[in-house]
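See structure below.
Chain letters run A, B, ... following the sequence lines, proteins first, then strands; residues in each count from 1.
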Amino acid sequence: MTAPVNLNHFRQPELIGKILQDLHDFQRPVSFMEVCGSHTMAIGHWGLRKLLPRNIRLISGPGCPVCVTPASVIDELSRLKGITIATFGDLIRVPGSRQTLEQARARGADVHTVYSPLEALELSKQGETIFVGIGFETTIPGIAHTVLEAARLNLADFSVLVLCKLIPPALKALLSDPEVKIDGLILPGHVSVVTGTQAYEFIPDKFGIGGVVTGFEPLDIVLGIKKLTNQLGAPQISNEYSRMVSREGNQVAQAMMAEVFSTGAALWRGLGEIPDSGLQLRSKYSSFDALAKYGLNITADQENTACQCGSVLKGKIQPSECPLYANTCTPANPVGPCMVSSEGSCAAFYKYER
Amino acid sequence: MCLAIPGRLLNKVDDSRGTVDLGGITKEISLVFLPDAKVGDWLIIHTGFALQTISEQDALDTISLLQEAYSTAKD
Amino acid sequence: MKDDIIILGHGSGAGLTRRLIREVFASRFEMPTLDDAACVDHRIAVTTDSYVVDPLFFPGGDIGRLSVTGTINDLCVCGSEPAYLVAGFIIEEGFSIARLRQIVDSMQETAMEAGVKIIAGDTKVVERGKCDGVFITTTGIGFRPAGVELSTRNIEAGDRIVVNGSLGDHTVAIINARQNLGLLPAPQSDCAPLHEIVRILLNTTKLRFARDATRGGVATILNEIYEDTGLGLILDESALPVKQSTSVVCELLGLDPLYLANEGKMVAIVSAATDEMLSQLQAHRYGWDSAVIGEVTTEVKGVYLRTSLGSLRPLLMLDSDPLPRIC
């Protein structure tokens, strides 16, 4: 593939090196929050923190759907008998209070890893199946379409545990916290493919900081950071990922989301309840709601009182500043949500920043 | 939170499904969110759904503008 | 043989068992009988492993080939010439004998490729549902030539890290098959015996240490070396051989080829990457994309990758197999 969309074009060391050199001329200490778990992973994967000047601090935000999902979900799913659980691989090793879904599978639970929610429809043709619907706006349209397909095909054995969450309301809640001090946002590229850049336009007006919608290749990320430094005096929302992100986003996807889901308050592990940030199935599709169908009770977790995930997720402290980090709380034995997923702030820090 | 990869649309099975070339490997994916996708388009794909077309021109422009800016910049 | 499926009676030890062994196993392994044990010489290397792969048949191989290459490769990487295998089978009631013959065929073909004889075995049949089709355990016996002592103790700073080809292919083949990802052409496993690869290394350079890069991948072996020796290891990202198809699947699922299981690849630590070594490896069908991927050093503590951007990324030991993710 030699097309310009080839990923290698956005990994060119020479060009990236020049932008980094430029950034080294920028002297002011700033903190930028990269909201999205995939950005956290990309920054770690390419060792970008070590290549940036020390005065530019990158903080990982709450855009990790596994991290912000209450672990009680695992407990509730584990107690179901005779029902197939279809989940993305991301959730398989998340610990509930007693076991992970992987361990539940070893003990006889029928747990399937799927790449696409549509695979859960196929599974439901063989028996009762719950699809565990975690994800943000990138993933939600696919789940919405899956529900519509289930309705069209009359698949009575299919249901969804709707745990989907929305990014802009979470950003609003985060930025409203007076203890959160960031100078700009590296905004999630693929969420924005769906929502469009319009979803963030409230931020500069309401909070006086800017954001850059950024792609995931190293060139995208350093360019996004460069743009953030350029616009510090005049906060705005800019679009570095214009090759696939527009102002309006994907309106077909947005319409499908609106058809299937309504918004309400949602519980974000580590952050608490955030208004208008979660989805539930509209009554028309309520027969596919696993919560109601199986009487599942998803409650807030009893967090270890020493756990500082809330502060980490809000960017108030770096993972290494949490007293539990790397001693009682490690990727093998995660205490709080930031360590649970491999793309969580603390897990990524543990893995990459040594 | 969104692993997505680019693929080039090779054919449309019907209005809602098509086969993409991911780079020597092909896979069938859903086109429900891109009813106007054409064979030859580059698409961004997440969990088996194409979410948007990728503008080759935009990608080219981004790179060439940058290359220009940094070759004429002070060295 | 009239029967076409295994029934519990085949595991009884009586007539049906004897017939099964004679007609399916012994005849194919070209042995007059197939007893539980056989006597061999001294200076022996022995190893054993069990194989429970799902699916049993996958692009590039099957459980039969895997059960032979896996054990042969364990013998090779300690410097021994593999000579004999004994094989134990646990077979599920209802399993098709035609499929069993396919597996046995695969085992014999692979063994012959490596000059290995399958000399003894055991079979057990379990009730339907008690195992996934068939489980195979193979124990291998090899002979170590005098003077060949491969160990992490031999490794020194300045040594080179070599792999005999592209990384992650086996895992990607299995994931595509098991998860029905529908990727075409279906990625192939790299399942292969490495006895000749090791021979080339022994003859063309000073081979310090070798290990086959199965579960946990290359990164795990390098971490084991670091734990044993305290010497640092730095890999060069641009030197890693990765097939485009493997790379695409890894991008799709959020996996890193350095942590994925291979079944026809080894990590070798050599004193120098001689031209002779590289040209002989690259002329071999199981080494055509061999590469020097890094070096042993005292510059760092631990295992690192130098990215194409010049930054160093740590490669830690993982606790478990990497999981596919969407985020």
Side-chain angles (χ1 to χ4, degrees), chain A residues 1 3-7 9-10 12 14-15 18-19 21-22 35-41 63-66 88 90 114-119 134-139 141-143 145 148-149 167 188-191 193-194 216 219-220 223 240-246 249-250 252-253 256 343, chain B residues 1-10 13-18 20-37 40-75:
Chain A
M1 278 203 304
V5 299
N6 184 321
L7 299 174
H9 287 273
F10 291 86
Q12 304 177 47
E14 219 183 279
L15 194 46
K18 289 189 174 152
I19 303 176
Q21 222 173 3
D22 221 4
V35 174
C36 167
S38 302
H39 273 138
T40 315
M41 291 299 265
C64 162
V66 169
F88 294 129
D90 312 56
V114 296
Y115 165 68
S116 166
L118 292 173
E119 292 168 51
I134 57 162
F136 299 117
E137 289 92 334
T138 325
T139 316
I143 299 176
H145 171 72
L148 290 174
E149 278 294 282
I167 289 293
H190 294 141
V191 160
V193 164
V194 172
F216 297 90
L219 180 60
D220 290 316
L223 189 53
E240 183 282 329
Y241 210 17
S242 50
R243 60 193 186 274
M244 61 185 94
V245 175
S246 64
N250 185 318
V252 174
M256 213 177 283
E343 53 151 32
Chain B
M1 57 230 142
C2 311
L3 275 185
I5 62 171
R8 186 163 207 153
L9 189 59
L10 290 177
V13 172
D14 56 44
D15 272 343
S16 66
R17 296 199 69 79
V20 289
D21 175 8
L22 300 172
I25 286 238
T26 66
K27 183 171 170 36
E28 207 184 276
I29 49 101
S30 172
L31 294 171
V32 290
F33 302 118
L34 294 174
D36 300 330
D41 280 348
W42 283 94
L43 308 174
I44 187 79
I45 296 148
H46 170 76
T47 65
F49 292 91
L51 293 179
Q52 195 48 276
T53 48
I54 308 175
S55 163
E56 288 190 63
Q57 192 56 54
D58 197 289
L60 254 176
D61 287 347
T62 305
I63 303 279
S64 59
L65 275 172
L66 278 173
Q67 280 168 336
E68 218 185 279
Y70 283 95
S71 64
T72 56
K74 52 180 173 19
D75 265 306

side-chain contact (heavy atoms from CB on, under 4.5 Å) between L66(B) and L219(A), intermediate numbers included: CA-CA 10 Å; L66(B) 278 173; L219(A) 180 60; 4.0 Å; yes
Listed by chain and number, what are the side-chain hydrogen bond (donor to acceptor under 3.5 Å, both in side chains) partners of S242(A), not counting sequence neighbours?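 Once residues adjacent in sequence are excluded, the partners of S242(A) under the side-chain hydrogen bond (donor to acceptor under 3.5 Å, both in side chains) criterion are D58(B).
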Check [X] against [Y] and note the closest heavy-atom contact, atom names and distance.
X       : Y      : value
C2(B)   : S38(A) : N-OG, 2.5 Å
A253(A) : F33(B) : CA-CD2, 3.6 Å
V252(A) : P35(B) : CG2-CD, 4.2 Å

Given 3.5 Å as the limit, does a donor-acceptor pair link the side chain of Y115(A) with the main chain of G48(B), or not?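 Between the backbone of G48(B) and the side chain of Y115(A) there is a qualifying donor-acceptor contact (under 3.5 Å).
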Steps toward side-chain contact (heavy atoms from CB on, under 4.5 Å) verdict (F49(B), T139(A)): CA-CA 9 Å; F49(B) 292 91; T139(A) 316; over 6 Å; no
Between [options], which residue shows the highest count of heavy-atom pairs closer than 4.5 Å to chain B?
options                           : result
P117(A), G142(A), G135(A)         : G142(A)
H145(A), M256(A), Q12(A), E119(A) : H145(A)
V194(A), V193(A), T40(A)          : V193(A)

Residues that H190(A) engages under ring-ring contact (aromatic ring centres under 6.0 Å, His included), provided they are two or more places apart: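 Checked H190(A) against ring-ring contact (aromatic ring centres under 6.0 Å, His included); matches are F216(A), Y241(A).
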Run the side-chain contact (heavy atoms from CB on, under 4.5 Å) check on T47(B) and T138(A) step by step: do they pass? CA-CA 9 Å; T47(B) 65; T138(A) 325; over 6 Å; no
side-chain contact (heavy atoms from CB on, under 4.5 Å) between V32(B) and L148(A): does it pass, once the steps are laid out? CA-CA 12 Å; V32(B) 290; L148(A) 290 174; over 6 Å; no
What part of T53(B) gets closer than 4.5 Å to chain A, counting heavy atoms only: side chain, backbone, both or neither?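 The backbone, not the side chain.
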Give, for atom [atom1] of [X] and atom [atom2] of [Y], the distance between the pair rounded to the nearest 0.5 Å.
X       : Y       : atom1 : atom2 : answer
N250(A) : I44(B)  : CG    : CD1   : 12.5 Å
I29(B)  : L118(A) : CD1   : CG    : 11.0 Å
I63(B)  : L15(A)  : CD1   : CG    : 6.5 Å
Q52(B)  : R243(A) : CD    : CZ    : 13.0 Å

